[in-house]
Q: 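Provided herewith is a single structure, encoded as structure tokens, for subsequent inquiry.
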Number of protein chains: 2
Amino acid sequence: MFTLAEENYLKAIFHLEHDFHGEVSTNAIAESMETKPSSVTDMVQKLGEKKLLTYKRYKGVKLTAEGKKVATNVIRKHRLWEVFLVEKLNFHWDEVHEIAEQLEHIQSEELILRLDKFLGSPEFDPHGDPIPDKHGVLKRTEKKLLSEIDKNQKGVCVGVKESSPEFLQYLDKKKISIGTKITVLGKEFFDGSMIIQVGREQFFISHKIAENLYVQTQE
Amino acid sequence: MFTLAEENYLKAIFHLEHDFHGEVSTNAIAESMETKPSSVTDMVQKLGEKKLLTYKRYKGVKLTAEGKKVATNVIRKHRLWEVFLVEKLNFHWDEVHEIAEQLEHIQSEELILRLDKFLGSPEFDPHGDPIPDKHGVLKRTEKKLLSEIDKNQKGVCVGVKESSPEFLQYLDKKKISIGTKITVLGKEFFDGSMIIQVGREQFFISHKIAENLYVQTQE
DNA sequence: TTTTATTTTTAGCCTTGACTAAAAATATAT
DNA sequence: ATATATTTTTAGTCAAGGCTAAAAATAAAA
């Protein structure tokens, strides 16, 4: 149906639209795909002719409904395969991205239908990102700082604001990494410190830690 | 490491060498890959430079040890994925070939290691073909074509030579699959057709069917 | 052994998806 | 408003992997 390159462009543009909405610039696409702006211009012209996005020279691009459908389908496949790799083959969350980048391009409706069922129709991938349904609908999730979430709420760690070795080593020591589920058990208004639960452990963290950890809450 | 096209050529050449040993001709490769002889010449010249096969103009090609290693590795991946599709995703054996043709090109040593373990290190794929080990060694099986066995002999179906959906669906209709016991009740010398017994049913099969079914005879 | 047929290769062209270098449009600063 | 900087596009190349048509080598037949 679509080439590997086309699918990768649509996916990248979808992510850019999602992150900073509005039209997506040629340069932004080039940077996110580690390619040159001139190559991007070529490709978006082709995708424009195929009605997968709207393109006007010098004005950026915007996916059409059709383009979005293709993009979310690729993302759905990527995330389902990530679940497979982690849940069934016991990969660690940080090893699966590259492999899923390849698997997401396998063409077979039936395969994905069955894979989804085999995995128990998961709603989130191992990094906490939502898996689009077969119509491309994405559950809305929000990325917040841990410091912003309330007592008794849960979140999945999706990233760090600061990435100094000291901070990362601290997280390691506390067994926190991307994908780790964190529950806020208590919150001190005076200094913003928290008591949190990670796995079976409960412990205290300072506001400084909480304001450098991104979490995704999933209602 | 190697491109999709290169892997497909090496795989096709490996199968041709295996079926009719000796040098493999340009035309034979072209036919088996449904491409043109001129395209084959181009590619085998490149593969020759990469020491994956030996090539002398007008004299056919022969895989080097290295070329065989690459080919058997692709075949190993193909067959492991077929087992996955049938055993885990409940695909039928006639639906898996096309999908495995795509999956066999996914690049990740670790993935195949883990997939193999997940599947319980199977020795045969759903069509009865042996799965090469990680060093490329193929188990030799003592199998004959049904067309080669004599009247009143019995055999167990262990695989198929051709694996087109049409053929596999025919076998299904006749309730023949891997493990099915077949008895040859009669054999017509003129056209090679047979009367066979499968379960309680007795029926007629043509030579074309008999020469595409592998069986293991049990004295 | 010629002649004819078949197989294989060469030469030249096409498409995809990259690239560089230069030109054009837009945005920013004086 | 003009000059400068930035972004985007165009034009021209390149490699991979196909193709067709024609030439060359080998094999088969007279």
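The sequence lines fix the lettering, A, B, ..., with proteins before strands; numbering per chain opens at 1. Because only heavy atoms are used, hydrogens play no part in the values below, and waters and symmetry mates are left out as well, while side chains stay in.
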Q: Across nucleotides 13-20 of chain C, 5' to 3', mark each nucleotide with B, S or - according to how protein heavy atoms within less than 4.0 Å reach it.
A: ----BSBB
Q: For B/Gln45 and C/dA11, what is the distance between atoms CD and P respectively, to the nearest whole Å?
A: 10 Å
Q: Taking salt bridge (charged side-chain N to carboxylate O under 4.0 Å, His left out) as the criterion, tell me which of B/Asp133, B/Asp125, B/Asp116 meets it with B/Arg76.
A: B/Asp116
Q: Roughly how many Å is it from NZ in B/Lys59 to C1' in C/dT8, rounded to a whole number?
A: 13 Å
Q: Would one find a side-chain N or O of B/Asn27 under 4.0 angstrom from OP1 or OP2 of C/dT6?
A: no
Q: Can you check whether A/Tyr58 has a side-chain N or O nearer than 4.0 Å to OP1 or OP2 of C/dA23?
A: no
Q: Only one of B/Val156, B/Val158, B/Leu146 clears side-chain contact (heavy atoms from CB on, under 4.5 Å) with B/Tyr214; which?
A: B/Val158
Q: Distance alone, cut at 3.5 Å: any donor-acceptor contact between the side chains of A/Ser25 and A/Asn27?
A: no
Q: At a heavy-atom distance below 4.0 Å, what parts of residues 13-24 of chain B sit against DNA chain C?
A: none
Q: Are A/Glu66 and A/Lys50 ion-paired here, with the side-chain N under 4.0 Å from a carboxylate O?
A: no
Q: Take B/His78 and B/His97, measure what ring-ring contact (aromatic ring centres under 6.0 Å, His included) needs, and give me the verdict at the end.
A: CA-CA 8 Å; B/His78 181 105; B/His97 185 74; 5.0 Å; yes
Q: Atom CZ of A/Arg57 to atom P of D/dT9: distance rounded to whole Å?
A: 9 Å
Q: Between the side chains of A/Glu148 and A/Lys143, is the shortest nitrogen-to-carboxylate-oxygen separation below 4.0 Å, so that they form an ion pair?
A: no
Q: Which part of the nucleic acid, if any, lies within contact of A/Thr41, taking any heavy atom under 4.0 Å across all strands shown: a base, the sugar-phosphate backbone alone, or nothing?
A: base
Q: Aromatic rings A/Phe84 and B/Phe118: how do their planes relate, parallel, tilted or perpendicular, breaks at 30° and 60°?
A: perpendicular
Q: Which whole-number value in Å describes the distance from B/Lys56 NZ to D/dA24 C1'?
A: 20 Å
Q: Closest heavy-atom contact between A/Glu104 and A/Trp81?
A: N-CD1, 4.2 Å
Q: Is A/Arg79 close enough and on-axis enough to A/Phe124, meaning under 6.0 Å and within 45°, for cation-pi?
A: no
Q: Just the rounded figure in Å: distance from C1' of C/dT8 to CD of B/Glu31.
A: 15 Å
